Number of protein chains: 2
Amino acid sequence: MSEQKILVIDDESPIRKLLQITLQSNGYEVAEAITAKDGLAKAINQLPDLILLDLGLPDEDGHSVLKKLRTWYTNPVIIISVQSSEEDIVISLDNGANDYLVKPFRTGELLARIRSALRVGNISDENLVIQFNNLSIDLAARVVKKNNSIIKLTLTEYSLLALFVRNEGKVLTHRYLLKEVWGPGYLNQTQYLRVYIAQLRKKIEDDPNRPVHIITESGVGYRFIITE
Amino acid sequence: MSEQKILVIDDESPIRKLLQITLQSNGYEVAEAITAKDGLAKAINQLPDLILLDLGLPDEDGHSVLKKLRTWYTNPVIIISVQSSEEDIVISLDNGANDYLVKPFRTGELLARIRSALRVGNISDENLVIQFNNLSIDLAARVVKKNNSIIKLTLTEYSLLALFVRNEGKVLTHRYLLKEVWGPGYLNQTQYLRVYIAQLRKKIEDDPNRPVHIITESGVGYRFIITE
DNA sequence: ATTACCCATTATCAATATGTAACCAGCCTG
DNA sequence: CAGGCTGGTTACATATTGATAATGGGTAAT
């Protein structure tokens, strides 16, 4: 998933600074606007995933800004305001705000409320899938496919393969592989490796007798190669 | 639109009375539950449009109740709690609560936040019906059909199935499934899992001895597959 | 009070993964 | 060619993990 963009519309410079730092350090892209007019323009041009709107803008009443936004903007809008009166809260929510936070707010809570608002409508994020030749490996889902059908790998086989994939192109020594998959107490059980390398090759190579992905580096270890 | 139903789960009698009167006089139908267990049961039977959940229930931790609800319940959940700590708020929102109000609350604000939550919830209430083979699963309505006749699933079975459907294709580890469905205290009760997987298979697979949807990943967990 | 049902729990049997060893095949070196 | 490396293959006992049926406690509906 690419970075999500949040538009901050607030005339108080310290608040904007705080929000910018907080949001950016949490992986959001931040756009800023100081006035209502600027805010509405930036909302149109940049189509942010979420808008943080201060009710107390200098050039226009916040409620009016929210109503204008809601004529076309469907993503979440969270109000941030010094006003804690019930009237302001009720009006804002009924005008289509998704949430209302009173300044000063706790940044942890703000971030949680942003996550909550963004969650709605967000389906599942795609996993990183490595694909090459007739193989596809989805590390997050723990799924390996060959010619589009799922291959069953045992725990040990999968650990080995995942190690290889994450270190594609590098030579992995016997000792390293044994330490990572079996643990530090198995450093000289190279025999285990031979057995499991053979099983992996049987499952993922087209011709296990002439492997193109899991290459033997005699006397050293093995290397995993992604051929295009 | 017909009357919308709200389920109040709270053990304090005065609060329930207050909420009942307030909500009913604003056109909502109200159901009540005093304990976590009762609340979960009523949520299943009545499928309310929104749930108001008190975190401080006598029989079970509120965060745990919310997580159990969220394994299958997709409508808005608003937390009402005397706890105002940032930690409780952040955990609740990240567990899928739509909003968090601190007791004592202002009824006007509560009503506005309910309207807001219902508005958003209805927008995102898209086609959550998954259909494949001779099965159809409607997550929102909590209905599972096989060959067009409704299958009865227990709470636990449905939680499991809903988890699988939302993570189709991925391997779900034993630990993850146990944590989500039974809670973090059951992480090594893998035998529960086996029992319930068997029951689910009996109900949804054509041939439970040769499952095609719920696939065992030996030593790791299970995977749910939608076959076309 | 009776019934039905869900759930947690246990016992038992079956399937699968793992560690291990025996054996085989090149390959280098003398 | 013999002998010692290194790596590959196969088979199998054991240990681990999984499937299934059955039990009893608890609870809600009738």
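The chains referred to below are lettered A, B, ... by the order of the sequence lines, with proteins before strands, and numbering in each begins at 1. Note that the structure is a prediction, hence the values are computed from the model and not measured.
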From CG of Leu200(B) across to P of dC7(C) the rounded distance in Å is 11 Å
Strictly by modelled atom types, are Asn134(B) and Asn147(B) linked by a side-chain donor-acceptor pair under 3.5 Å?
yes
How many Å lie between NZ on Lys203(B) and C1' on dT20(D), as a whole number?
16 Å
Under-4.0 Å side-chain N/O to phosphate OP1/OP2 contact, Trp182(A) with dT18(C):
no
With no hydrogens and no angle check, do the side chains of Asn188(A) and His174(A) hold a donor and an acceptor under 3.5 Å apart?
no
Sugar-phosphate, base or nothing in reach of Leu155(A), heavy atoms under 4.0 Å
sugar-phosphate
Could you tell me how far apart Glu205(B) (CD) and dA19(D) (P) are, to the nearest whole angstrom?
12 Å
Taking Ile214(B)'s backbone N and O only, do any of them form a donor-acceptor pair with Glu205(B)'s side chain (distance below 3.5 Å, no angle check)?
yes
Upstream residue (5' side of DNA chain C) when Tyr186(B) and Lys152(B) are each assigned their closest nucleotide
Lys152(B)
OH of Tyr158(A) versus P of dA17(C): gap in Å, rounded?
16 Å
Between Val144(A) and Leu161(A), is the side-chain contact (heavy atoms from CB on, under 4.5 Å) condition met? List the steps.
CA-CA 10 Å; Val144(A) 181; Leu161(A) 181 60; 3.9 Å; yes
Specify the separation, in whole Å, of atom CD of Gln199(A) and atom C1' of dG19(C).
11 Å
So, Ser85(A) versus Asp88(A): side-chain donor-acceptor pair below 3.5 Å or not?
yes
Value in whole Å for how far the P atom of dA15(C) lies from CD1 of Ile215(B):
17 Å
Whichever of Thr156(A) and Leu153(B) has the more 5' nearest nucleotide on DNA chain C, that residue is Leu153(B)
Can you tell me how far P of dG19(C) sits from CG of Leu160(A), to the nearest Å?
11 Å
Expected output: side-chain Arg223(B) to main-chain Lys170(B) donor-acceptor under 3.5 Å:
no
Within this structure, what is the CG-CG distance for the pair Leu110(B) and Leu93(A), rounded to the nearest 0.5 Å?
10.5 Å
Between Leu193(B) (CG) and dC7(C) (C1'), how many Å, whole number?
15 Å
Reading nucleotides 2-9 of chain D from the 5' end, what letters show protein touch, with B for base, S for backbone sugar-phosphate only, - for no heavy atom under 4.0 Å?
----SBBB
What are the atom names and distances for every N/O pair under 3.5 Å that joins the protein to nucleotides 23-29 of chain D?
none

Do you see a donor-acceptor pair shorter than 3.5 Å between the side chains of Arg194(A) and Gln191(A)?
yes
Side-chain donor/acceptor of Ser159(B) to backbone N/O of Leu155(B), under 3.5 Å:
yes
